[in-house]
Amino acid sequence: MQTIHIANGPEHASRFILGCMRMPTLSVEEAAGMIETAAELGINYVDHATCYGDGEAEKRFGDALRLTNINREDLIVQSKCGLRFERMTFDWRKDYIIECVDGILERLQMDYLDTLLLHRPDLLFDPEEVAAAFDQLEAAGKVRYFGVSNTTIMQLELLKKYVKQPLKINQLQLSLEQSQLIDQAFYMNNLTTERSIMRDGGLLDYCRLQDITIQAWSPLQYGMFKGNFVDNPEFPELNKVLGQLAEQYGVTKSAIAVAWILRHPANMQVITGTMNPTHLREMAEADRIRLSHEEWYQLYLASGKFLP
C-alpha cells in the first residue's frame, strides 16, 4: 500500500483509510479479522467518530484490537467529535470536545489519538473555545494532530486565527457520482447547468494551496447515503465504462471507482467503509492502478457530466 505524508501531520499514512462506522455490525472476533485484513493490505489508518453506533464502533475496535498482534504504535487512529444526535445539535464547545476525547480514549482503550477531527460545523462555534480545547488536549498528550470534516474555507480561516495547531485534514464527500467538490471549475460561468454554481467557495483548490489533505468519504455512494452506484441500473453508462476499465486492469468496478479519486493530483486519501474483508481486498487493488488522463475523463463524463 502506498503512503502519503500529511504536512504537519501523520507521516507514512496509507492512502486507504478503514472507516469504522459499520463495525458495530460485526462480532468482536469478526472485527479483529477485519483489522488484520486491513493491516495485511498495508492500511494503517483507521477512522472513527463518537456518533458511530453512539460510541459502539470505537468500543468494538478497542476490544477487537486486543485480539490481534497489531501494535497500537503501528496504527494511525483518528476519531471525530461534535455531533450530538441525542440532542440533534452540533457542539464544538471546549468542555464537550474534551469530554468526547476522554470517552473516545476509554472506549478505544488507548492513551492517545493520532488525529482528532471536528465533525461538521457547529453553527455557534467559538474559535477561542476550540483553541483552548486543542491546547489542553495537546498538552495532556491525548491528541497529536487536529483537523476538521465538512468545513468551509472561511470556517477554516476563522479557526486558524485562534488555533495554533496546524489544521491539515478536511474530510469531504467525493465520488464519481457525488463530484460537486470538483464540478464547478469545469462549468464556470455556464448558465446552462446548475453545476456552474459554486457551492463551497473553491474548497478543493484552497485545501491544495494550504497543504490540507482531503479524506474522501462515501467513494461509491450516490446522493446523501442513497446507495452504491456500482452495478446499479440507474447508472448504465457509468457502469459500462467501469466494467470496461475493470476488465482492462483485471480488477473490480469498485476498485476503478476508487482509483478515479486516487488519480486526482490533490493526493487525497479514500475512506472505505466496508466491513467485508473480500470487498476491502478488491477495493485495495485501486492502489496499484494509475488511470490515464483520458480514462479519468472518460469516467467523469460517463457519470453524467458533459463537456461545456
Side-chain angles (χ1 to χ4, degrees), residues 1-24 26 28-50 52-53 55-81 97-98 100-119 133-149 165-169 171 211-213 215 267-275 277 280-281 284 287:
M1 175 68 63
Q2 298 181 59
T3 62
I4 66 170
H5 171 63
I6 298 175
N8 295 306
E11 298 182 359
H12 308 297
S14 56
R15 296 204 296 172
F16 275 74
I17 298 174
L18 180 65
C20 297
M21 183 173 70
R22 299 179 179 88
M23 191 160 277
L26 305 182
V28 175
E29 292 76 17
E30 289 170 334
M34 196 68 204
I35 296 168
E36 290 173 334
T37 298
E40 290 167 9
L41 294 169
I43 300 172
N44 63 6
Y45 209 118
V46 296
D47 176 70
H48 291 278
T50 56
Y52 293 167
E56 186 59 33
E58 292 163 334
K59 186 177 186 305
R60 190 66 47 86
F61 184 92
D63 291 339
L65 185 62
R66 294 169 70 88
L67 299 182
T68 74
N69 293 319
I70 299 169
N71 295 323
R72 162 66 182 92
E73 293 72 23
D74 294 331
L75 297 176
I76 300 172
V77 181
Q78 171 177 286
S79 194
K80 304 182 289 293
C81 71
I97 294 172
I98 293 171
C100 281
V101 171
D102 287 339
I104 291 166
L105 294 177
E106 180 180 355
R107 290 187 292 273
L108 288 172
Q109 304 174 53
M110 295 179 182
D111 297 325
Y112 68 93
L113 275 178
D114 292 282
T115 309
L116 175 71
L117 306 186
L118 298 175
H119 201 174
F134 284 7
D135 286 345
Q136 184 170 326
L137 291 168
E138 183 180 52
K142 294 180 179 180
V143 179
R144 294 182 173 179
Y145 307 107
F146 300 86
V148 296
S149 77
Q165 296 82 5
L167 300 175
K168 289 301 181 180
I169 292 170
Q171 213 171 86
D211 292 325
I212 296 174
T213 295
Q215 295 178 346
N267 207 22
M268 306 178 201
Q269 292 176 288
V270 172
I271 303 172
T272 58
T274 181
M275 288 292 108
L280 182 62
R281 289 190 184 94
D287 183 60

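Residue indices begin at 1 and follow the sequence shown.
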Kindly give the heavy-atom pair with the smallest separation between [X] and [Y], and that separation in Å.
X	Y	value
Gly42	Ser14	O-CB, 3.4 Å
Pro10	Thr115	CG-OG1, 3.7 Å
Phe16	Ile43	O-CG2, 3.4 Å
Ala31	Arg60	CB-CG, 4.0 Å
Met275	Leu26	SD-CD1, 3.6 Å

Side-chain contact, heavy-atom cut-off 4.5 Å: [X] with [Y]?
X	Y	value
Leu117	Gln171	yes
Tyr52	Met23	no
Ser149	Leu118	no
Glu40	Arg281	yes
Ile70	Ile35	yes
Ile6	Glu11	no
Arg144	Tyr112	yes
Asp114	Gln78	no

Q. Above 12 or not: heavy atoms from other molecules or residues under 6.0 Å from NE2 of His12?
A.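 No, the 6.0 Å shell around NE2 holds no more than 12 heavy atoms from other groups.
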Q) Does Asn69 CG have over 12 foreign heavy atoms under 6.0 Å away? A)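 Atom CG in Asn69 is not crowded, with 12 or fewer foreign heavy atoms closer than 6.0 Å.
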Can you tell me how far [atom2] of [Y] sits from [atom1] of [X], rounded to the nearest 0.5 angstrom?
X	Y	atom1	atom2	value
Cys81	His119	SG	NE2	9.5 Å
Leu41	Leu280	CG	CG	5.5 Å
Tyr45	Met1	OH	CE	14.5 Å
Leu167	Asp211	CG	CG	13.0 Å
Lys168	Thr213	NZ	OG1	8.5 Å
Gln2	Asn267	CD	CG	9.0 Å

Q: List the steps and the verdict of side chain to side chain contact (heavy atoms under 4.5 Å, CB included) for Lys142 and Asp102.
A: CA-CA 8 Å; Lys142 294 180 179 180; Asp102 287 339; 2.7 Å; yes
Q.
Suppose we screen for ring-ring contact (aromatic ring centres under 6.0 Å, His included). Which residues come up paired with Phe134, at least two apart in sequence or across chains?
A.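 In terms of ring-ring contact (aromatic ring centres under 6.0 Å, His included), with neighbours along the sequence ignored, Phe134 is linked to Phe146.
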Q) Can you check whether Thr274's main-chain N or O pairs, donor with acceptor, with Thr272's side chain at less than 3.5 Å? A)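 No; zero donor-acceptor contacts below 3.5 Å.
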Q | Check ion pair Asp287-Arg15 (N to O, under 4.0 angstrom) | A |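 So Asp287 pairs with Arg15 through a salt bridge.
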**Q.** Ion pair Arg72/Asp111, N-O distance below 4.0 Å
**A.**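 Salt bridge between Arg72 and Asp111, a charged N being under 4.0 Å from a carboxylate O: no.
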Q: In sequence, state the C-alpha distance, the side-chain angles, and the governing distance for Gln165 and Val143, and then conclude on side chain to side chain contact (heavy atoms under 4.5 Å, CB included).
A: CA-CA 11 Å; Gln165 296 82 5; Val143 179; over 6 Å; no
Q) For Glu106, which residues count as a salt bridge (charged side-chain N to carboxylate O under 4.0 Å, His left out) partner, sequence neighbours excluded? A)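 Listed in chain order: nothing, the list is empty.
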**Q.** For Lys59, all residues meeting salt bridge (charged side-chain N to carboxylate O under 4.0 Å, His left out), sequence neighbours excluded
**A.**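 Listed in chain order: Asp63.
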Q: Go through Ile4 and Gln269 one step at a time and tell me if the side chain to side chain contact (heavy atoms under 4.5 Å, CB included) criterion holds.
A: CA-CA 8 Å; Ile4 66 170; Gln269 292 176 288; 3.6 Å; yes
(Q) Under a plain distance cut-off of 3.5 Å, with no hydrogens placed, do Glu58 and Ser79 share a side-chain donor-acceptor pair? (A)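 Yes, because at least one side-chain N or O of Ser79 sits under 3.5 Å from a partner of the opposite role on Glu58.
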Q: With Lys80 as reference, evaluate Ile104, Asp47, Leu116 under the side chain to side chain contact (heavy atoms under 4.5 Å, CB included) test and give the passing residue.
A: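 So, applying the side chain to side chain contact (heavy atoms under 4.5 Å, CB included) to Lys80 and each of Ile104, Asp47, Leu116, only Asp47 qualifies.
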**Q.** Steps toward side chain to side chain contact (heavy atoms under 4.5 Å, CB included) verdict (Met110, Leu65)
**A.** CA-CA 11 Å; Met110 295 179 182; Leu65 185 62; 3.7 Å; yes
